[in-house]
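Everything below concerns the one structure shown next.
Every chain is numbered from 1 and lettered A, B, ... according to where its sequence line falls, protein lines coming before strand lines. Every value quoted in this text rests on a predicted model; they were computed, and no experiment measured them.
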Amino acid sequence: MPSPAGPTPPDGPVPTGFTAEWLRGEGADADVVISSRVRLARNLADEPFPGRASAAQKKKVLGLCRPAVLDIPGHTMVWIDLHDTSPFERTLLMERHLISKQHAKGKAKAGESTPEGSPRAVAVAADERFSVMVNEEDHLRLQAIRSGLALRQAWEDADAADDAIESHVELAFSPRFGYVTACPTNVGTGLRMSVMMHLPALRLMGDIEKVKRAAADMNLAVRGFYGEHSDASGDFYQLSNQATLGKSERIILRELQDEIIPRVIEFERAARKTLADKRRTLIEDQVYRALGLLTHARMISTEDAMQGLSMVRLGSTAGVLPQLDRALIGQLMLMVQPGHLQRLVGQAEQERRMVARATLLRQRLA
Amino acid sequence: MKCDRCENEATVTDITRRQGVVIERHLCEKCASEAGVVAGGSPEPSALVPQKPAVPTCPECGLAITEFRQGGLLGCPACYKAFEATLAPMIERAHEGATHHIGKTPRCKLARSGPAREAVVGGVDEQVERLRLLKRQLDDAVRAEQYERAATIRDELRRLGGAADPATP
């Protein structure tokens, strides 16, 4: 298994910087909303879906999609054949939310397994605001991402890229079911809009279950920091639409961007205000404990680091630690992830990684 | 194994299906002949076991509906046509009762004519049925004062070329 020996970045196109668009901490409502993401699922008309395709058929799909994806106007796209990358590089891409966990693994059909998984790729725009996974669950998964609450801009970006791709390849479309997808839960628009929210005050007030129930009533999915099957590490929650059929893109956008998400934002802000006004000591205690941990621990796990950063971020927006820069916190949220840490200190045992993580946090937050 | 009707050894298995219930009988040759299971002589055993009903399979990619039930994923775009009867109610449940797509359509195909356009908006019958459905949904939306929804349905009607006057509800 190839793995980099030291802290030098791997050669090749995999982005390794320590900022990512979605962690800038900028944009509308950035005190509560980390990022907005739009995902479109698309398939080629005459090819089996990746889960059923042979390695040869998947390679053919890569060949058909590559020119279409590289030609998307307005973006300088870099194509990465994931079956030619190391697990380490794929971890970096996953931690940056450019590929899914499933795509990083790249499980091949039984009997066709190769060490680096099945033929699949990701194309990434230079600014990482836009990416396309090829041969994940569907042939094409377009993703546009923005800091703050900016679903409309992300949608416009994905929509335009979709038009460009469609002018190159024949997309699968049914008059009844719309854009057809490998999983019937994605048919219709193939559109998933999700907003990553930071809801620490609602947790401290014991209201997070209320939000989850309300979200379920409105047919929204609530997921953790790294999407499906991940927990809400550090009070970060992703809210997204579940139904993709029978509602136009415009309606889905309006419901989330203009109605539902602003309500959750107001709910979190009200909780922060209550904490700041009536339970000042509680919030200060939580924030300073977290800061103490982050600036004094000698060994720290990813989970503890994320939880600490979450509280410190709350402190920076609730007036407890006004001098602390949100962009720095965002950067640290990425740097403490196992892959990015390895990129910094080289491959290491878990204990050494925990030491390196603690050292990094002490230095940056000093 | 003993014959279901006498003490002899059962040599014939008869499987029949009545009102959806599978009935399995084990009979000796004599009883089987009496029961009309074996019409004289000893036919090949395979002839006595009715062929299993064929599992619906996608003609394009060969995916059997049973594989979809296990894995939750379809095999190719043609599966939607092949398994439409099974998928439609399942899709309706997953999408808050929606049965048809409303929204974006591949723009290049829409601009074309003939089969390419039909692949997007459907054949004549399908279009007529769809227009009827949409007009009913539009009425419902207007009655419920869901104007945003009504506007979307009007857009959809216009896309399909069936909206005469946007002012009429």
Taking every non-hydrogen atom, the tightest pair across B:Pro106 and A:Phe173: CD-CD1, 3.3 Å
B:His95 side-chain N/O to A:Ala243 backbone N/O, donor-acceptor pair under 3.5 Å: no
Parallel, tilted or perpendicular: rings of A:Tyr179 and B:His101 (30°, 60°): perpendicular
Per-residue contact mode, B:Ile153 against chain A (heavy atom under 4.5 angstrom): neither
Heavy-atom pair count under 4.5 Å with chain B, highest-scoring of A:Arg176, A:Arg254, A:Gln242, A:Lys247: A:Arg176
Option in A:Asp46, A:Asp162, A:Asn43 with maximal non-hydrogen atom pairs under 4.5 Å from chain B: A:Asp162
A:Glu137 versus chain B, the contacting section by heavy-atom distance below 4.5 Å: side chain
Rounded distance [0.5 Å steps], CD in B:Glu60 versus CZ in A:Arg52: 12.0 Å
Engaged part of B:Ala151 at the chain A interface, taking heavy atoms whose separation is under 4.5 Å: both
Minimum heavy-atom distance between A:Gly246 and B:Ala98, given as atom pair plus value: CA-CB, 3.7 Å
Proximal component of A:Ile252, with respect to chain B [non-hydrogen, under 4.5 Å]: neither
Heavy-atom pair count under 4.5 Å with chain A, highest-scoring of B:Gly97, B:Pro77, B:Ala88, B:Gly71: B:Pro77
A:Glu259 atom CD: more than 12 heavy-atom contacts under 6.0 Å: yes
Value rounded to 0.5 Å, distance of CZ in A:Arg250 from CZ in B:Arg149: 12.5 Å
Under 4.5 Å from any heavy atom of chain A - which part of B:Glu84: side chain
Minimum side-chain heavy-atom gap B:Cys79-A:Phe49 below 4.5 Å: no
Donor-acceptor pair, side chain of A:Glu249 and main chain of B:Lys104, under 3.5 angstrom: yes
Chain A contact via B:Leu73 - side chain, backbone, both or neither, heavy atoms under 4.5 Å: both
Residue, of A:Asp163, A:Thr189, A:Thr185, that accumulates the most heavy atom pairs under 4.5 Å with chain B: A:Asp163
Residue B:Glu67 versus chain A: region with a heavy atom under 4.5 Å: side chain
Distance (rounded to the nearest 0.5 Å) between B:Thr105 OG1 and A:Leu171 CG: 12.0 Å
A:Phe177 and B:Ile91, any side-chain heavy atoms less than 4.5 Å apart: yes
Heavy-atom pair of closest approach, residues B:Gly103 and A:Ser248: CA-CB, 4.0 Å
Leading residue by heavy atom contact count with chain A [cutoff under 4.5 Å; candidates B:Gly62, B:Cys58, B:Ala94]: B:Gly62
Which atom of A:Val187 lies closest to which atom of B:Tyr80, heavy atoms considered: CG1-OH, 2.9 Å
